[in-house]
Amino acid sequence: MTSTSSKPGGPAVHIENLDKYYGTFHALRKVSLSVERSERIVVCGPSGSGKSTMIRCINRLEQHNGGKITVLGTELNDDVANIDGIRREVGMVFQHFNLFPHMTVLENLTIAPVIVRKVARAEAEATARRYLEKVRIPEQAMKFPGQLSGGQQQRVAIARALCMQPQIMLFDEPTSALDPEMISEVLDVMVTLASEGMTMICVTHEMGFARRVADRVIFMDGGEIVEEAPPEEFFTASRNERTRQFLSQVLGH
Amino acid sequence: MVSLLRNQKVRNALLQVLYVGSLAALVLAGIVIARRNLADQGITSGFDFLYKSTGWDVNFSLLPATANDPYWWFFLIGIINTLFLGTIGLMLATLVGTIVGLARTSSNELAQLLGRTYVDIFRNIPLILQVFFWYALITHLPTPRAAHEAFGMLLTSRGLYIPFPNVGGVALALAILAVIAAIALPVWLGRTSRLSQPFGERSAIQLIGAAAALACAVLILIIGRLPDEPFIDFPALQGLNLRGGLRIPPEFSALAIAIAIYGGSYIAEIVRGGFKAVGKGQMEAALSLGLSPWRVFTLVRLPLALRAMLPILANQYVWLMKATTMGIAVGFTDFFMIVALTINHSGQTLEAIGILMAGFLAINLSLAAIFNRINKAIALKGNQLRG
């Protein structure tokens with residue numbers, strides 16, 4: 001098995017001319033993007049613009065049809081060892097949490113470290129409790145996901161990904177399925193994570209979060225990256241007509 | 001008075017009284033008429049016949065049986081035969097159904113096609129035709145003198161003969177119990193140690209428990225072997241017939257195969273539905289954590305699919321249990337056939353049918369109760385959001 005652990009230096013994620021088709025539908029058109037270590041990227045755009053597809057390609061939940069993806073120095077191809085290695089180092093948080101409903105919160109958090117990383121159970125549980133503390137729900141460890149609120153479930157999902165000690169975190173619309181009053185509790189955790197230097201790629205419509213945390217904001221439309229700028233410039237001085245239209249709709253009210 | 005009749009509570013009570021009263025009158029009338037008709041025909045009703053000897057024999061029994069045995073003993077034999085056939089049939093049907101169901105959910109198009117063809121064919125042919133088909137096929141196998149032979153087993157028109165240890169009946173029963181314990185023990189041990197082994201790792205205790213129970217079974221067989229006989233009894237031709245070994249009669253094989261194949265086609269659809277019901281999101285989350293496809297299957301997909309399948313599966317099992325009554329079509333002495341023979345020979349129709357209904361009710365209610373308990377024990381806690 002190849003060691004994925006990161007050749008030092010080099011970008012965390014490097015995407016070159018990425019193409020993705022669903023049948024005849026061209027979902028991603030020659031997308032290129034390079035993300036440095038510790039960089040925080042926010043990806044936004046109208047629905048169907050390919051933003052979720054792009055980040056799902058990074059851990060091979062979708063197979064790309066053309067172009068090249070390199071994660072932490074390892075190329076993502078048909079080599080199963082490469083795929084496994086990359087998935088170990090890349091955590092993902094989903095819109096619908098996707099916790100395992102038949103396991104307790106603690107089991108959700110320890111399953112991957114114990115089975116994939118071969119960490120001793122006691123150690124895995126100690127780590128899990130530390131991350132539950134970090135997402136501010138240590139008292140829920142023995143509950144089942146169905147007994148938690150949406151915001152709590154999403155924080156468990158973030159903790160679950162963190163327990164694998166990943167180097168990169170992908171967020172796929174983590175607050176879109178939440179009630180408004182629960183959004184901030186999840187965003188707070190993400191802000192803390194960003195301040196600790198985690199490499200993050202977030203698909204989100206939370207423009208306040210983007211303004212506060214992002215190093216770069218990327219706007220996608222029709223399977224292409226339309227614009228790419230630091231948040232200040234992106235929100236105030238966008239050069240692109242489609243970006244301005246999208247922003248007026250998102251920030252409009 | 002008028003105001004009392006307009007009172008909702010009084011009205012409801014009155015309706016109840018009317019309903020229960022007419023029901024009681026109906027049942028009472030039925031009993032009176034039945035008793036009079038029976039008396040006219042000179043038939044004594046009652047359950048005394050249970051203690052009389054039958055005067056006829058059964059062709060398949062797990063317990064010793066002769067024509068001198070009383071009716072109640074034959075009913076017991078019938079129930080055990082039904083349970084035996086049902087258990088074997090259900091296990092085989094589950095095996096077939098799981099394989100075909102997985103084939104239908106696989107991404108391999110050839111497997112999908114084979115699975116779909118299987119379900120389309122066997123689900124749409126009546127069970128009784130399938131029973132006759134397999135029975136005809138088996139009884140047209142070669143005679144004992146030209147038997148097909150493989151691994152010491154002989155396949156003939158008189159049944160399948162398999163080598164069998166030469167042991168006493170009690171030892172055999174004990175050995176079977178030990179084998180069941182070998183299967184049940186690891187499950188039970190795993191349940192109690194769930195907190196320390198939540199991801200299905202096999203603990204040493206589980207393996208030791210299973211091994212000890214299996215060793216017990218072998219030991220019981222060795223101690224219980226019949227003296228002056230070879231330990232394993234191989235079937236062999238003697239004159240025109242086969243001697244030795246264990247004979248599985250064609251009637252039993254035909255029914256077991258038919259239930260397995262027909263039931264398998266229904267269970268395949270239940271299995272497919274169960275796997276379809278598992279959210280794609282949970283599997284993606286498991287994959288994104290770096291779990292291998294096999295682990296995703298055993299730790300996430302299968303446990304969640306099982307929860308979706310179980311209630312419908314219980315329904316199907318109850319149905320298949322009742323399908324053992326096809327025994328009468330090919331002459332397998334299941335519970336229903338024993339009841340039918342009893343009616344022919346003793347004339348105690350109402351009592352025999354009453355026993356038949358009570359027997360099946362008891363079997364199927366027990367089955368349903370067991371499944372309800374399992375269902376409740378593994379039910380997902382809290383509200384479920386379908387991702």
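- When each of A:L61, A:L170, A:N59 is scored by its heavy-atom pairs under 4.5 Å with chain B, the top score falls to A:L61.
- With a 4.5 angstrom heavy-atom cutoff, B:A379 does not touch chain A via any of its atoms.
- Rounded to the nearest 0.5 Å, atoms CD (B:Q282) and CE (A:M103) are 10.5 Å apart.
- Chain B forms more heavy-atom pairs under 4.5 Å with one residue of A:G146, A:G91, A:P145, A:P166 than with any other, namely A:G146.
- Atom-to-atom distance recorded for A:D172:CG and B:S288:OG is 11.0 Å, nearest 0.5 angstrom.
- Between the side chain of A:Q147 and the backbone N or O of B:K381 there is no donor-acceptor pair closer than 3.5 Å.
- For chain B, no part of A:I83 is nearby; none of its heavy atoms comes within less than 4.5 Å.
- Of all the listed residues (A:M92, A:R160, A:R60, A:R117), the one sharing the greatest number of non-hydrogen pairs under 4.5 Å with chain B is A:R160.
- Heavy-atom neighbours of A:E181 CD from other residues, nucleotides or ligands within 6.0 Å: above the threshold of 12.
- Rounding to the nearest 0.5 Å gives a distance of 10.5 Å between NZ of B:K280 and CZ of A:F94.
- Inter-residue side-chain proximity for B:L304 and A:H102 is flagged as met; some heavy-atom pair is nearer than 4.5 Å.
- Atom CD1 of A:I115 sits about 10.5 Å away from atom CG of B:L289, to the nearest 0.5 Å.
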